[in-house]
Amino acid sequence: MNFNIGIDIGTRNVRMAVEGYGVAFTASAAVAVRKGVDMPIAMGDEALAMRGRLSEGCAVAYPIHSGICENEALLGRWFLALFERARSIAHLRKIHVLAGCAGWIARAHRYALMQAALDAGADSVSLIRSDALAAIGAGLEVARPEASFVIEAGAGGMGAALLSFGRTVVSRQMPIGFAGVDGEIVGAMRAKGVRIGEDAAEGAKLALASASGASSGKLSVSTAGFDEKTRLPRLVDIEADLVNALVAPYVRTLTSLCVDALAQAPIELAADLAARGACLVGGGAELFGLREHLASALGIDVFVPDNPRDAVARGLSAAIEADGVYDRLILESDRADLQ
């Protein structure tokens, strides 16, 4: 039995591939909701645009945080919306889902993810590691005996995995990701007496952050906020030094995970690692200087594929078309043919 839909609902984004149609949907995982009302106000990029702009009693929320479902109702809404879209695209009679899943989450949380999809109308659900999907989407031949080393710098998690023969040989992961920097910037500016939104904080991170701590070009960015004392709007500068100080612990954590993973790698794979290097994926892969920093720390080449944020989506598309090639990477399944 083949999969006909691939879905990854991450901390910040939702991706879906449909058999025969490739990557069919990519959007923000945001959902705009009104307290006491079941039906969302908006979903996806439309909801993201509402963040920080809604009236009292309304909010923008995300169903998944660091791989774990935090809101089952919103997760179910996403599955319903994605299944409806898939049916309209491919006229599917049955829904057989291959869903991306963070490798570090406990079995109970995996089952919760599967159950949400089944409750939304899926006929079967299987879970596959999201870092493996990213590796596949980056063009790594993970089913071959040669080692593939993938480093994931995601919004909700980070880690490093060594893959060979379609299996995970070594994996080191942490349920924290670079999206956490945004909240820390908001908190740091509030300590300085100014309230800014997460959109402004994320913009400052993208413009100023550097893996080495050195300036990526700009020394500061100016953004609008509210003065804590006057309660009136004002312009405030966010300094690169502040942003880099908050980014540095995340870079150290990712580097430590990579070093630890390599230290545990079987000696027979050393030649593969030296020859093939590592692949850096996820939104954090675009952090200024991160590739060079990791290459220096690990002593092997590190490359970033085109559009590293979309590697998981491309991996989903490849996996559902592969007819069992990647079944060894599946974590959980309710299908008898994969038990």
Side-chain angles (χ1 to χ4, degrees), residues 5 7-16 24-88 95 97 99-102 105-123 125 127 154-157 175-177 179-187 189-190 194-203 223-228 231-233:
I5 297 179
I7 292 175
D8 182 75
I9 302 178
T11 297
R12 285 291 179 264
N13 295 293
V14 171
R15 310 164 179 95
M16 180 177 71
F25 182 77
T26 301
S28 168
V31 183
V33 294
R34 181 180 291 110
K35 187 176 181 180
V37 178
D38 291 336
M39 183 65 68
I41 300 170
M43 300 176 67
D45 294 341
E46 182 183 1
L48 179 64
M50 297 177 179
R51 187 170 64 172
R53 299 173 181 272
L54 293 173
S55 60
E56 188 175 354
C58 300
V60 172
Y62 297 85
I64 299 288
H65 179 71
S66 295
I68 296 174
C69 176
E70 289 200 332
N71 191 312
E72 293 181 6
L74 296 188
L75 181 61
R77 285 289 177 185
W78 263 120
F79 278 126
L80 284 169
L82 292 170
F83 295 166
E84 182 178 350
R85 181 178 287 266
R87 289 190 179 98
S88 69
I95 301 290
V97 180
C101 173
I105 69 172
R107 176 162 283 187
H109 294 297
R110 295 177 190 174
Y111 286 158
L113 180 61
M114 294 172 67
Q115 192 60 52
L118 292 169
D119 290 344
D123 293 283
V125 185
L127 303 183
I176 59 171
V181 177
D182 304 345
E184 293 190 26
I185 293 174
V186 170
M189 296 308 296
R190 189 153 196 167
V194 182
R195 289 185 292 116
I196 65 169
E198 289 190 20
D199 287 344
E202 183 179 17
T223 189
F226 281 91
D227 190 289
E228 288 275 35
R231 306 294 181 181
L232 298 176

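The chain is numbered in sequence order, starting from 1. Just so you know, these numbers come straight off a predicted model, no measurement behind them.
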Taking all non-hydrogen atoms of both residues into account, name the closest pair between T11 and G156 and its distance.
-> OG1-CA, 3.2 Å

Minimum heavy-atom distance between L113 and G100, given as atom pair plus value | CD2-O, 3.9 Å

In chain order, what residues pass the salt bridge (charged side-chain N to carboxylate O under 4.0 Å, His left out) check against D45, with sequence neighbours excluded?
-> none

One should read off an interatomic distance between C58 SG and K35 NZ, to the nearest 0.5 angstrom, of 11.5 Å

Between L118 and A122, which heavy-atom pair has the shortest distance, and what is it?
-> CD2-O, 3.5 Å

Only counting residues at least two apart or in another chain, list the ones meeting side chain to side chain donor-acceptor pair (under 3.5 Å) with D227.
-> R234

N13: what forms a side chain to side chain contact (heavy atoms under 4.5 Å, CB included) with it, not counting sequence neighbours?
-> R15

If you round to the nearest 0.5 Å, how far is CD1 of I5 from CZ of R87?
-> 7.5 Å

Separation of E198 CD from D182 CG (nearest 0.5 Å) = 6.5 Å

Residue pairs meeting salt bridge (Lys or Arg N to Asp or Glu O under 4.0 Å), one or both in residues 57-84, sequence neighbours left out, come to none

Pairwise ring-ring contact (aromatic ring centres under 6.0 Å, His included) hits with a residue in residues 53-88, at least two apart | F79-F83

What pair of heavy atoms forms the shortest contact from A201 to V186, and how long is it?
-> CB-CG2, 3.8 Å

Got a sec, which residues hit side chain to side chain donor-acceptor pair (under 3.5 Å) with D199, two or more places apart in sequence or on another chain?
-> R51

The side chain to side chain contact (heavy atoms under 4.5 Å, CB included) partners of P175 (sequence neighbours excluded) come to S66, W104

Roughly how far, to the nearest 0.5 Å, is CD of E202 from CD1 of I196?
-> 11.5 Å

Would you please name every residue forming a salt bridge (charged side-chain N to carboxylate O under 4.0 Å, His left out) with E228, sequence neighbours left out?
-> R190, R195, R231

In short, G76 meets A120 closest at the heavy-atom pair O-CB, 4.2 Å

Could you go step by step and tell me if L48 and V60 meet the side chain to side chain contact (heavy atoms under 4.5 Å, CB included) rule?
-> CA-CA 7 Å; L48 179 64; V60 172; 5.8 Å; no

Nearest atoms (heavy-atom pairs only) where A117 meets V125 | CB-CG2, 3.6 Å

Atom SG in C101, atom CD1 in I9: separation rounded to 0.5 Å?
-> 11.5 Å

OG1 of T223 to CD1 of I185, rounded to nearest 0.5 Å, is 10.5 Å

A42: side chain to side chain contact (heavy atoms under 4.5 Å, CB included) partners, not counting sequence neighbours = A32, E46, A47, M50

What residue pairs, at least two apart or across chains, pass salt bridge (Lys or Arg N to Asp or Glu O under 4.0 Å) with a residue in residues 106-122?
-> R107-E332, R110-E332

Taking only residues two or more places apart in sequence, or in another chain, which ones meet A99 in a side chain to side chain contact (heavy atoms under 4.5 Å, CB included)?
-> V97, L127

Could you pull out all residues at least two apart from E184 that satisfy salt bridge (charged side-chain N to carboxylate O under 4.0 Å, His left out)?
-> none

